[in-house]
Colleague: 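Dumping the structure here so I can ask a few things about it.
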Amino acid sequence: MTASPSVSPTIDPTESARESLLEFRNVRIVYDNAIEAIRDVSIAVPASGIVALLGSNGAGKSTLLKAMSGILHTEEGELENGSISFRGESVHHLAPDELVRRGIVQVPEGRRVFPALTIDENLQMGGYTKSAAETRQQREKVFGMFPRLYERRDQIAGYMSGGEQQMLAIGRALMTGPALLALDEPSLGLAPLIIDRIYEVIAKLRDEMKLTVLLVEQNAQRALDICDYAYILETGRVVLDGTARKLSANEDVQEFYLGVSGSGRKSMRDVKHYKRRKRWLS
Ligand code: ATP
């Protein structure tokens with residue numbers, strides 16, 4: 001078995017511009033003028049699908065999300081090469097509120113609801129770019145999708161469970177009426193049954209609300225169960241990409257991201273050995 005080559009996928013410029021809602025093209029991102037976090041990454045996110053970005057700690061997943069949310073500069077990060085486009089227009093220079101107006105919204109890692117506000121107040125805050133009528137309409141939709149939030153609408157968000165806070169964070173993002181929802185590790189720190197529920201909601205967003213979802217996950221198994229297409233990042237580069245079915249069947253992915261192989265689950269020692277081998281190769 002051989003490791004897959006560390007190359008970015010080739011994107012035909014005309015095809016991808018027509019079909020992708022969001023596109024990263026040959027992106028290079030550097031922090032503090034010194035640390036190269038992303039190197040020549042190209043990613044296409046077609047409309048009304050779920051694309052997953054997989055990879056372990058430090059692979060560069062959050063950096064890509066920050067770049068498409070207009071907050072890279074707050075951490076001294078800079079897009080030094082390449083482009084990020086949404087509906088065919090360059091967006092990496094836009095401020096976060098303008099990105100939201102254009103239809104991009106992100107649910108950050110760790111949920112980050114306003115803990116002292118009620119559920120309803122959290123949702124109202126999410127509608128800040130919308131008119132009062134649009135806010136009312138979105139609120140109805142969100143409560144329709146999350147009956148639990150409706151039941152507890154007057155309760156303080158900080159007292160809710162982790163799973164409920166994750167749902168509130170998704171609900172608040174939906175208040176902006178997005179075309180594209182980016183989710184940063186929605187399963188982090190949650191119990192398996194709660195993760196099931198969150199993932200059911202994510203599938204509904206695609207299947208019923210026709211939203212486009214960019215799903216960032218370390219939990220490759222969960223993400224591959226639901227997504228249409230995935231990219232695997234390692235040390236700032238795309239090392240593999242393909243349909244969920246293709247990646248789930250890939251031996252390297254099974255062994256090192258799903259933790260299974262023909263001979264059963266691999267140990268961390270094997271994984272370390274693999275990483276050493278890869279360092280020799282690179
Ligand atoms: P995690 O799952 O832990 O969030 P990740 O895949 O999202 O990891 P990033 O957080 O994007 O990875 O980090 C990619 C690289 O950029 C890492 O080497 C990290 O140390 C570096 N990095 C991230 N944020 C900063 C920053 N603000 N300043 C300097 N380096 C950073």
Side-chain angles (χ1 to χ4, degrees), residues 50-54 57 61-62 65-66 68-69 71 96-97 99-100 103-130 132 134-227:
I50 299 179
V51 168
L53 275 185
L54 310 175
N57 277 330
K61 307 179 299 298
S62 302
L65 286 191
K66 284 176 209 160
M68 58 170 269
S69 306
I71 54 171
D97 62 330
L99 289 163
V100 167
I104 299 178
V105 72
Q106 189 185 145
V107 179
E109 186 183 315
R111 306 179 263 282
R112 302 201 207 141
V113 298
F114 298 110
L117 301 185
T118 65
I119 289 172
D120 212 358
E121 287 165 345
N122 265 273
L123 292 181
Q124 307 280 351
M125 298 288 283
Y128 74 103
T129 58
K130 298 284 176 196
E134 286 168 328
T135 300
R136 270 197 303 280
Q137 204 180 16
Q138 284 303 120
R139 181 173 167 272
E140 292 305 308
K141 272 195 199 169
V142 170
F143 281 145
M145 176 149 276
F146 301 104
R148 182 86 179 138
L149 294 185
Y150 180 70
E151 286 161 21
R152 305 194 63 185
R153 62 191 178 281
D154 295 323
Q155 297 191 20
I156 298 295
Y159 294 140
M160 300 196 317
S161 69
E164 287 166 340
Q165 289 192 18
Q166 183 62 273
M167 294 196 192
L168 176 57
I170 294 174
R172 194 178 59 193
L174 294 178
M175 289 294 292
T176 65
L180 184 136
L181 179 73
L183 295 160
D184 197 354
E185 307 225 14
S187 71
L188 196 69
L190 298 178
L193 279 176
I194 308 296
I195 299 174
D196 288 347
R197 179 74 191 98
I198 300 286
Y199 268 76
E200 277 166 26
V201 165
I202 297 170
K204 269 191 180 177
L205 296 177
R206 170 191 55 192
D207 300 336
E208 293 176 17
M209 292 178 79
K210 306 296 173 209
L211 277 188
T212 306
V213 177
L214 180 61
L215 174 63
V216 165
E217 265 294 359
Q218 282 196 44
N219 192 334
Q221 180 75 69
R222 291 283 186 170
L224 288 174
D225 280 348
I226 194 184
C227 74

Colleague: Applying salt bridge (charged side-chain N to carboxylate O under 4.0 Å, His left out), name anything that partners Arg148, two or more places apart in sequence or on another chain.
Modeller: Glu151, Glu164

Colleague: Could you give me the CA-CA distance, side-chain angles and deciding distance for Phe146 and Leu123, then say whether side-chain contact (heavy atoms from CB on, under 4.5 Å) is met?
Modeller: CA-CA 12 Å; Phe146 301 104; Leu123 292 181; over 6 Å; no

Colleague: Which value, rounded to the nearest 0.5 Å, describes the distance between Leu65 atom CG and Ile104 atom CD1?
Modeller: 11.0 Å

Colleague: Between Leu149 and Phe143, is there a side-chain heavy-atom distance shorter than 4.5 Å?
Modeller: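 Yes. Closest side-chain heavy atoms under 4.5 Å.
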
Colleague: Show every donor-acceptor pair shorter than 3.5 Å between a side-chain atom in residues 167-182 and any protein atom, with sequence neighbours excluded, or say none if there are none.
Modeller:
from, atom 1, to, atom 2, distance (Å)
Arg172, NH1, Arg112, O, 3.4
Arg172, NH1, Asn122, OD1, 3.4
Arg172, NH2, Arg112, O, 2.9
Thr176, OG1, Ala173, O, 2.7

Colleague: Can you tell whether the side chains of Asp120 and Arg139 come within less than 4.0 Å, N to carboxylate O?
Modeller: yes

Colleague: Can you name the closest pair of heavy atoms from Pro96 and Ile71 and give their distance?
Modeller: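 Shortest heavy-atom separation between Pro96 and Ile71 comes out as CG-CG2, 3.9 Å.
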
Colleague: Quick one: does Ile156's side chain get under 4.5 Å of Pro115's, heavy atoms only?
Modeller: no

Colleague: If you apply the rule side chain to side chain donor-acceptor pair (under 3.5 Å), what do you find for Gln218 with Asn57, and how did you get there?
Modeller: CA-CA 8 Å; Gln218 282 196 44; Asn57 277 330; 2.8 Å; yes

Colleague: Decide yes or no for Met209 and Met145: does some side-chain heavy atom of the first lie under 4.5 Å from some side-chain heavy atom of the second?
Modeller: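 In contact.
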
Colleague: Passes side-chain contact (heavy atoms from CB on, under 4.5 Å), Glu121 versus Phe114? Steps please.
Modeller: CA-CA 9 Å; Glu121 287 165 345; Phe114 298 110; over 6 Å; no

Colleague: List the steps and the verdict of side-chain contact (heavy atoms from CB on, under 4.5 Å) for Ile198 and Leu190.
Modeller: CA-CA 10 Å; Ile198 300 286; Leu190 298 178; 4.1 Å; yes

Colleague: Could you walk me through whether Leu193 and Arg197 pass the side-chain contact (heavy atoms from CB on, under 4.5 Å) check?
Modeller: CA-CA 7 Å; Leu193 279 176; Arg197 179 74 191 98; over 6 Å; no

Colleague: With no hydrogens and no angle check, is any side-chain donor or acceptor of Glu185 less than 3.5 Å from a backbone partner on Glu109?
Modeller: no

Colleague: At their closest point, which heavy atom of Ser69 faces which heavy atom of Leu99, and how far apart are they?
Modeller: C-CD1, 3.3 Å

Colleague: How close do Ala203 and Ile50 get, heavy atom to heavy atom, and via which atoms?
Modeller: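 Reported closest heavy-atom pair: CA-CD1, 4.5 Å.
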
Colleague: For residues Thr118 and Arg153, determine if any side-chain heavy atom of one lies less than 4.5 Å from a side-chain heavy atom of the other.
Modeller: no

Colleague: Are any of the side-chain heavy atoms of Leu183 and Leu214 separated by less than 4.5 Å?
Modeller: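 Result no, sub-4.5 Å side-chain heavy-atom pair not found.
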
Colleague: At their closest point, which heavy atom of Arg206 faces which heavy atom of Cys227, and how far apart are they?
Modeller: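 Looks like NH1-C, 4.5 Å.
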
Colleague: Taking all atoms of both residues into account, what is the closest heavy-atom pair of Val113 and Ala157, and its distance?
Modeller: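 Heavy atoms only, the tightest pair is CG2-CB, 4.0 Å.
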
Colleague: Does atom OH of Tyr150 have more than 12 heavy-atom neighbours from other groups under 6.0 Å away?
Modeller: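 Open: at most 12 neighbouring heavy atoms sit under 6.0 Å from OH of Tyr150.
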
Colleague: Under a 3.5 Å distance rule, please check whether Gln165 uses its side chain to pair with a backbone N or O of Met160 as donor and acceptor.
Modeller: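 Answer holds: yes.
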
Colleague: Give me the atom names and distance for the closest heavy-atom approach of Gln124 to Thr135.
Modeller: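 Looking at all heavy atoms of both residues, the closest pair is OE1-CG2, 3.7 Å.
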
Colleague: Is the count of non-hydrogen atoms from other residues, nucleotides or ligands lying under 6.0 Å from Met125 atom CE greater than 12?
Modeller: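 Count not over threshold, so no.
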
Colleague: Counting only heavy atoms not in Gln137 (residues, nucleotides, ligands), do more than 12 fall under 6.0 Å from its CD?
Modeller: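 For Gln137, atom CD is not crowded (no more than 12 foreign heavy atoms under 6.0 Å).
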
Colleague: Is the shortest distance from a Lys or Arg side-chain nitrogen in Arg222 or Asp196 to a carboxylate oxygen in the other one below 4.0 Å?
Modeller: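 Asp196 and Arg222: salt-bridged.
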
